[in-house]
Protein chains: 2
Amino acid sequence: MASLHDVARLAGVSKSTVSRVMNDEYGVKEATKVKVRRAVEQCGYVVNQVAKDLKSNKTNLIGIIVPRVTSNAVSQGVDGLSRVFEESGKQVLLANSCQQAGKELQYLELFNQKRVEGIVMFATHIDDELVKAIKRSGAPVVLIGQDGSSHNIPSVIHDDYRVGYCAAEQLHQAGCRNVGFLGVQSDDIAVDQMRFEGFCKALNYLGLPVPAFHTQGQFSIDSGREEMAQLLRDNNKPDGVFCATDRIAIGAIQAIAAAGLAPGKDIKVIGVGNDEMASVVSPGLSTFDYAFEPAGSNAAKMLLEIIEQGRSQVAKLVLGFDWVQRKSC
Amino acid sequence: MASLHDVARLAGVSKSTVSRVMNDEYGVKEATKVKVRRAVEQCGYVVNQVAKDLKSNKTNLIGIIVPRVTSNAVSQGVDGLSRVFEESGKQVLLANSCQQAGKELQYLELFNQKRVEGIVMFATHIDDELVKAIKRSGAPVVLIGQDGSSHNIPSVIHDDYRVGYCAAEQLHQAGCRNVGFLGVQSDDIAVDQMRFEGFCKALNYLGLPVPAFHTQGQFSIDSGREEMAQLLRDNNKPDGVFCATDRIAIGAIQAIAAAGLAPGKDIKVIGVGNDEMASVVSPGLSTFDYAFEPAGSNAAKMLLEIIEQGRSQVAKLVLGFDWVQRKSC
DNA sequence: TTGAAAGCGGTACCAA
DNA sequence: TTGGTACCGCTTTCAA
């Protein structure tokens, strides 16, 4: 591939002159410009950004780490992120950890070697190792989905505690008196712990008994269906179920219907996220609309501020949600 | 940020020696290694991959261009791509054109400046400008979703013609005699043209009349619903509808139900893709299961082959599909 | 208006 | 076993 040097030789000028022409710098004779441009055309010269990056010590690169792309939260978040970054002329390096723990740490390291200017991480959990790796990172890190602000890591999260609280209120208002929670693995603070805590708090406040159950499944329809079916088999018959995600809730609805009961009548169901599927399932799933795309764009803005100003005004951004009432509750 | 030079000074050795230690090269005294490692630790040295890339003239970078991430085809495809690339030690630069035509061309150029080793592009259409830009690209390009093989661009596509053909057969077999197609904009060869052509071909072969309609909407539930509602209002009452995508089909089902008709009985509906929503909607949507994730992983493998061998054995990979029968047809 | 040369942070060859 | 040096492709003084 042709370099500045090749172009210079072809045009019969020096590298410096070619560089000046390429960068539209002031002070090059028109005739020289023409010669250079012709030479560029002739050998199909494309500027080598790697060399420029090295020289300028600036890459315009942002690293993004995701557990997978096929999830509403992630894909909408990435759309939000990439829009903002590309508006500011940043390019995006994407790393997919495929949910393998430890991979994130490797990518953090790789990104630093590539001299990214900042990193956005969709976190599924936080542990000491991860916190240490983030502290060690030369490039600033912003977290999406889990709260790292107590470790002084800027984070964009959803109001998971309050969503749990509201879910309990909605179930109570719908007449439920015996409710439970279909959660996920307990090291997911945001999706399992916070939502459950808020849920329990509200129940307590409303004078309802503690949750009849708190299962720990996967993030899938199948998992929700199995968990719910198992509960019904165990004759643990609630009149309301709060599910950590919409997918789980849809599985629950299927299991309830399969057991000959009426979801939304015999057993109320509430999810979280407002996945497009929630509007399509029958009965329509009552859920909380989460701002996934804004989570991405806000995280991007925070990161840009940190990169440009050295620090961010906001240490933690908590996004609200909206109650979306349908037939399931 | 510390460089080799800093480490060398701190350890009291030369840059060459530090480089040797960092790369585990043979022939460094143990004591020296220890000194160097301590110095590395002390100043938190992280290798500068930009400099390495420049020197070695190799970036291990792959560019990916998508119209958006929030789509089943894209998000699953990206998951497939990134898995394969990361197994081969490649990193992924992601560019989101946000469906703005022309953006793809810019990214093609940017990627070449960044010296990516190859590019995967999720194409929504193909025109001369795009073909020219791809030809001009120094890095090899593989297309996903549209057939560029007639321009000698390696492509991974789905069997869109045959899916249209099969859809007609299924509708015919279900007893339909007056059918139509809910498509998308006509410059989308794969999703609109090919599927429609196959559809027409089969109708002709089966001795059915030509399609009663061929609308051109968007890739969304809302669009499908509106198109279908309009058709019903126009008293254009078919007994079967083939939809270019599952989302459109779900919209159609909603419109049919809203008109007081029974989707799957009065009017059969078929989609394409096997979106998770298809299993959730009521009645269940009969559709064709498309291999989106394999599209990504196969495109990645093709690109790697081109990068490593200089050329690919396969010029075009056509992925099959499976009929998924549910209640809507 | 143009060119020569140094330097960004590495690697690799040759000499010591 | 180690150090000196040239070079990857570009930018940026400084001098001509």
Side-chain angles (χ1 to χ4, degrees), chain A residues 1-40 43-61 109-117 138-139, chain B residues 1-40 43-61 109-117 138-139:
Chain A
M1 180 146 272
S3 73
L4 265 196
H5 183 253
D6 300 316
V7 180
R9 223 168 3 135
L10 233 143
V13 298
S14 74
K15 291 198 307 176
S16 328
T17 302
V18 180
S19 171
R20 290 185 187 109
V21 175
M22 294 305 296
N23 296 297
D24 280 321
E25 274 172 37
Y26 171 79
V28 182
K29 222 194 326 183
E30 194 54 41
T32 315
K33 280 190 195 169
V34 173
K35 270 198 301 189
V36 170
R37 295 235 175 78
R38 198 160 35 216
V40 164
C43 63
Y45 170 72
V46 175
V47 63
N48 186 330
Q49 192 65 47
V50 180
K52 271 183 111 143
D53 288 353
L54 174 60
K55 176 69 183 174
S56 65
N57 198 25
K58 185 155 181 14
T59 57
N60 283 314
L61 223 49
E109 172 79 12
L110 271 180
F111 281 169
N112 273 288
Q113 295 179 358
K114 276 280 187 190
R115 293 297 189 265
V116 300
E117 298 177 358
Chain B
M1 182 146 269
S3 74
L4 263 197
H5 184 252
D6 301 317
V7 179
R9 220 169 6 135
L10 232 142
V13 298
S14 74
K15 288 201 309 178
S16 327
T17 301
V18 179
S19 173
R20 289 186 187 107
V21 175
M22 294 308 294
N23 296 297
D24 280 322
E25 274 171 37
Y26 171 80
V28 182
K29 219 194 328 183
E30 195 53 40
T32 315
K33 280 190 195 171
V34 173
K35 269 198 303 191
V36 170
R37 296 235 174 78
R38 197 160 35 213
V40 164
C43 61
Y45 170 72
V46 176
V47 64
N48 186 331
Q49 192 66 46
V50 181
K52 274 183 107 144
D53 288 354
L54 174 62
K55 175 70 183 173
S56 65
N57 198 24
K58 187 161 184 359
T59 57
N60 283 313
L61 223 48
E109 172 79 11
L110 271 180
F111 281 169
N112 274 287
Q113 294 179 356
K114 277 278 187 191
R115 293 298 190 265
V116 300
E117 299 177 359

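Sequence lines set the chain letters: A, B, ... in the order given, protein chains first and strands last, and positions in each chain run from 1. None of the values given here were measured: they were computed from a predicted structure.
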Q. With no hydrogens and no angle check, is any side-chain donor or acceptor of B:Ser19 less than 3.5 Å from a backbone partner on B:Lys15?
A. no
Q | Residue-phosphate contact under 4.0 Å: A:Ser19 side-chain N/O, D:dT11 OP1/OP2 | A | yes
(Q) Check the phosphate of D:dT11 against A:Lys52, side-chain N and O only, distance under 4.0 Å to OP1 or OP2. Yes or no? (A) yes
Q: Identify whether any heavy atom of A:Ser16 sits under 4.0 Å from a base atom; if not, whether one sits that close to sugar-phosphate; answer base, sugar-phosphate or nothing.
A: base
(Q) Run A:Leu61 and A:Phe111 through side-chain contact (heavy atoms from CB on, under 4.5 Å) and show every step you take. (A) CA-CA 9 Å; A:Leu61 223 49; A:Phe111 281 169; over 6 Å; no
Q: Take the protein atom CD of A:Gln113 and the nucleotide atom P of C:dG9, then report the distance between them rounded to whole Å.
A: 16 Å
Q. Should we count NZ of A:Lys58 as having more than 12 external heavy atoms under 6.0 Å?
A. yes
Q.
Expressed as a whole number of angstroms, how long is the span from A:Glu25:CD to D:dT12:C1'?
A. 9 Å
Q: Could you walk me through whether A:Lys114 and A:Thr59 pass the side-chain contact (heavy atoms from CB on, under 4.5 Å) test, one step at a time?
A: CA-CA 8 Å; A:Lys114 276 280 187 190; A:Thr59 57; over 6 Å; no
Q. When you check the phosphate oxygens OP1 and OP2 of D:dT2, does a side-chain N or O of B:Thr32 lie under 4.0 Å from one of them?
A. yes
**Q.** Interatomic distance where CG belongs to A:Asn48 and C1' belongs to D:dC7 [whole Å]
**A.** 14 Å
Q | Whether B:Asn112 side chain and B:Glu109 backbone form a donor-acceptor pair below 3.5 Å | A | no
Q) Just to confirm, is there a sub-4.0 Å distance from OP1 or OP2 of C:dG9 to any side-chain nitrogen or oxygen of A:Asn57? A) no
Q) Rounded to the Å, how far apart are A:Asp6 CG and D:dC10 P? A) 9 Å
Q. Can you check the B:Asp53 CG to D:dC10 P distance for me, whole Å?
A. 15 Å
Q) If you pin A:Lys55 and B:Thr17 to their nearest nucleotides in DNA chain D, which one's is more 5'? A) B:Thr17
**Q.** Closest nucleotide among D:dC10, C:dA12, C:dT2 to the A:Ala51 side chain
**A.** D:dC10
Q) Base, sugar-phosphate, or nothing: which does B:Val13 touch, judged by heavy atoms less than 4.0 Å apart? A) sugar-phosphate
Q: Mind running side-chain contact (heavy atoms from CB on, under 4.5 Å) on A:Met22 and A:Val40 for me, showing each step along the way?
A: CA-CA 9 Å; A:Met22 294 305 296; A:Val40 164; 3.9 Å; yes
Q.
side-chain contact (heavy atoms from CB on, under 4.5 Å) for B:Thr17 and B:Arg20? Distances and angles first, verdict last.
A. CA-CA 5 Å; B:Thr17 301; B:Arg20 289 186 187 107; 3.9 Å; yes
Q.
Output the rounded distance in Å from CZ (B:Arg9) to P (C:dG9).
A. 12 Å
Q. Starting at CG of B:Leu54 and ending at C1' of D:dT11, how long is that distance when rounded to a whole Å?
A. 13 Å
Q. Can you tell me how far C1' of D:dT2 sits from CD of B:Glu30, to the nearest Å?
A. 16 Å
Q. Would you say B:Tyr45 reaches C:dG10's phosphate, i.e. side-chain N/O to OP1/OP2 under 4.0 Å?
A. yes
**Q.** Which nucleotide in C:dT11, D:dC14, C:dC14 has an atom nearest any side-chain atom of B:Leu4
**A.** C:dT11
Q | Five-pair end axes of the helix from C:dT1-D:dA16 to C:dA16-D:dT1, angle between them (10°) | A | 50°
Q: Please confirm whether the backbone N or O of B:Arg115 pairs with a side-chain atom of A:Asn48, one donor and one acceptor, at under 3.5 Å?
A: no
(Q) Nearest to the side chain of A:Arg20, heavy atoms from C-beta on, is which of D:dG9, C:dA12, D:dT13? (A) D:dT13
